[in-house]
Amino acid sequence: MVTRFAPSPTGELHLGNARTALFNQLLARRAGGRFLLRIEDTDSERSVDAHTRGLMADLRWLGIEWDAGPDREDGLGPYRQSQRGARYAQELAVLERTGAVYPCFCTALELSLSRRAQLAAGRPPRYAGTCRALTESERAARLAGGVSPTLRFRVPGGERIDFIDMVHGPQSFLSDDIGDFVVRRADGTAAFFFSNAVDDARMGVTLVLRGEDHLANTPRQLLILAALGLPTPAYGHVALLVGADGTPLSKRHGAASVRDYREQGYLPEAIANHLFRLGHSSAPHGLLTREEMAHAFDPAHLGRSPARFDEQQLKVWQKDAVHRLPAAAAREWLAPVLPAGLDEQSAAAFTAALLPNLLLPGDASPWVEIVFGAPPALEPEAAELVRAAGPGYFSAAAAAAARAGGDLPAIAGAVRAATGRKGADLYMPLRVALTGRAHGPELAPLLKAMPPGKARERLARFA
RNA sequence: GCUCCCUUCGUCUAGAGGCCUAGGACAUAGCCCUCUCAAGGCUGUAACACGGGUUCGAAUCCCGUAGGGAGCGCCA
């Protein structure tokens with residue numbers, strides 16, 4: 001099995017595209033096949049090289065690696081469409097020779113006028129066929145006039161085009177519903193329907209799993225492939241991803257690209273796991289590794305209805321992924337909010353203490369201040385607890401801290417001996433005196449992360 | 001406008017005529033555990049868009065309605 005992901009570098013990696021990339025890679029990996037990355041940059045106006053690099057970086061960050069692509073060429077490339085012009089010219093020449101395509105001299109203005117007129121008349125806005133039956137001399141005359149034509153595919157009349165969609169089942173379209181479409185632009189570059197279909201065939205792609213927006217266009221590609229005598233891949237069209245409000249996912253929803261979430265501190269494993277179950281179901285629950293995903297991915301369980309990219313659900317995965325972060329990776333993830341120049345050991349202790357309570361790195365910022373900064377002011381609730389505990393409580397605590405440093409059991413033990421308190425009565429005053437807050441991470445590891453002497457100093461304030 | 005696709009708990013989904021008094025996960029509520037939070041354990045609330053058929057029997061098949069989406073580009 002050979003699958004592919006074929007983005008056009010006109011922006012950042014969209015979550016919906018990231019999902020189709022993930023599905024395709026999983027499909028190939030599970031079957032022991034190959035996964036290709038092809039950059040569809042035939043539109044030089046909108047294609048930006050920086051986006052190609054960004055796309056590849058985001059894909060790799062997400063853990064999606066390709067077997068062949070622009071930076072990993074094999075004999076079937078190049079994997080940038082902008083470099084495949086000569087190949088397209090060859091195929092196009094075949095189509096011209098067989099009369100499957102014809103030059104069209106209509107201007108953009110004529111075409112849009114025609115479209116508008118048809119729409120107004122309650123008809124589908126299809127190409128009217130103006131240039132379809134031009135004679136050789138008429139063509140020569142227009143050519144002489146200096147107009148460079150596009151090439152249109154001559155869609156045969158009265159045919160039925162059938163194919164089986166892997167997710168939607170049997171599909172049937174009428175060729176009479178399809179207007180003649182452009183396969184080569186006036187500037188000589190190949191158009192999407194053509195280059196996309198031809199490349200899939202030439203690169204040996206056997207399964208095209210893509211967004212549902214391509215479903216109704218598939219017959220056009222089948223027509224091209226048939227005219228060229230090229231093999232057709234199997235097709236599958238997954239429903240689009242929508243936002244929490246059910247409308248197509250876009251910037252309006254705050255974030256729609258992988259980059260957006262990456263910059264907020266979301267982990268690739270969290271995003272991949274969320275995407276994995278959107279429009280797809282698999283038996284195992286819980287956070288899956290890449291291997292587990294490849295094993296559990298089931299194309300028979302691809303959904304036909306649009307799935308919502310739900311941030312609340314993403315956060316559940318994120319929490320899980322954060323909790324499972326190995327110590328070194330956790331420190332790196334938290335590095336942006338850690339104080340500059342913090343020693344390795346303190347950073348490790350702080351990270352270990354905070355990790356169970358974090359969703360995003362920014363959540364740790366207040367605690368950086370509490371642990372490493374000046375003694376925190378007490379919240380009203382906290383002040384009340386301190387007052388109720390009284391100076392005796394804190395002189396015992398401070399004395400114990402002076403002896404034992406950041407060892408919570410030692411401090412608590414000393415206070416218990418001095419006051420007879422236990423449970424919440426014993427621990428809460430310590431917590432609020434040390435952190436200023438009634439809520440927070442587990443106290444024992446937090447104390448270990450505090451610079452030496454800080455605990456004693458803070459407890460002594462109330463002695 | 002025309003063609004096509006879609007519609008099960010809040011969310012992701014299981015479900016291919018009787019196994020469905022519709023299952024699971026997450027979210028949510030309550031309880032337990034507990035120095036707080038988190039984690040964990042237990043219990044609960046919660047859905048077949050609507051209307052007609054077909055059938056002994058329909059979430060599952062057919063028709064229609066409503067709602068959502070896509071395509072009809074010298075964009076991909």
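Proteins get letters first, then strands, A, B, ... in listed order; numbering begins at 1 in each.
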Looking at [N], I'd like to know if its phosphate oxygens (OP1 or OP2) sit under 4.0 Å from a side-chain N or O belonging to [X].
X: A/H301; N: B/A14; answer: yes
X: A/R431; N: B/C37; answer: no
X: A/S281; N: B/A14; answer: yes
X: A/K319; N: B/C26; answer: no
X: A/H280; N: B/C12; answer: no
X: A/T189; N: B/C74; answer: no
X: A/R185; N: B/A76; answer: yes

[atom1] spacing across the pair [N] / [M], given as an integer number of angstrom:
N: B/C20; M: B/A47; atom1: C1'; value: 13 Å
N: B/G67; M: B/C74; atom1: C1'; value: 35 Å
N: B/G17; M: B/A27; atom1: C1'; value: 33 Å
N: B/C12; M: B/U7; atom1: P; value: 12 Å
N: B/G15; M: B/C75; atom1: C1'; value: 39 Å

For A/R290 against A/P268, the heavy-atom pair lying closest together
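Between these two residues, the closest heavy atoms are NH2-O, 4.3 Å.
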What pairs meet the ring pair (Phe, Tyr, Trp, His ring centres under 6.0 Å) rule with one or both residues in residues 151-174 of chain A, with sequence neighbours excluded?
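The answer is A/F153-A/F181.
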From [options], nucleotide with atom closest to [X] side chain:
X: A/D310; options: B/C35, B/U11, B/A39; value: B/U11
X: A/S305; options: B/U7, B/G24, B/C35; value: B/U7
X: A/F173; options: B/A27, B/A76, B/C4; value: B/C4

By the salt bridge (Lys or Arg N to Asp or Glu O under 4.0 Å) test, which pairs, at least two apart or in different chains, include something from residues 417-436 of chain A?
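Listed once each, the pairs would be none.
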Qualifying salt bridge (Lys or Arg N to Asp or Glu O under 4.0 Å) pairs with a residue from residues 149-170 of chain A, counting only residues at least two apart or across chains:
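Listed once each, the pairs are A/R160-A/D162.
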If you find the nucleotide of RNA chain B closest to A/W317 and the one closest to A/A444, which residue's nucleotide is nearer the 5' end?
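With A/W317 and A/A444 compared, the 5'-side residue is A/W317.
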Candidate list A/N357, A/L434, A/L408, A/L354, test side-chain contact (heavy atoms from CB on, under 4.5 Å), partner A/L446, passing option:
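The side-chain contact (heavy atoms from CB on, under 4.5 Å) with A/L446 is passed solely by A/L354 among A/N357, A/L434, A/L408, A/L354.
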Listed pairs under 3.5 Å, donor-acceptor, residues 296-308 of chain A side chains, sequence neighbours left out:
unit_1	atom_1	unit_2	atom_2	d
A/D298	OD1	A/A300	N	3.0
A/H301	ND1	A/S281	OG	3.0
A/R308	NH1	A/A244	O	2.7

Mind checking A/C106 for me? I need base, sugar-phosphate or nothing, with any heavy atom below 4.0 Å counting as a touch.
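Here A/C106 touches the bases of the nucleic acid.
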Is there a residue in residues 149-162 of chain A whose heavy atoms reach under 4.0 Å of RNA chain B, and which residues are they?
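Only A/T150, A/R152 qualify.
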Ignoring hydrogens and angles, write down the donor-acceptor pairs under 3.5 Å from the side chains of residues 219-226 of chain A, residues two or more places apart or on other chains.
unit_1	atom_1	unit_2	atom_2	d
A/R220	NH1	A/N217	OD1	3.2
A/Q221	OE1	A/R210	NH1	3.4
A/Q221	OE1	A/R210	NH2	2.5
A/Q221	NE2	A/F193	O	3.0
A/Q221	NE2	A/N196	OD1	3.1

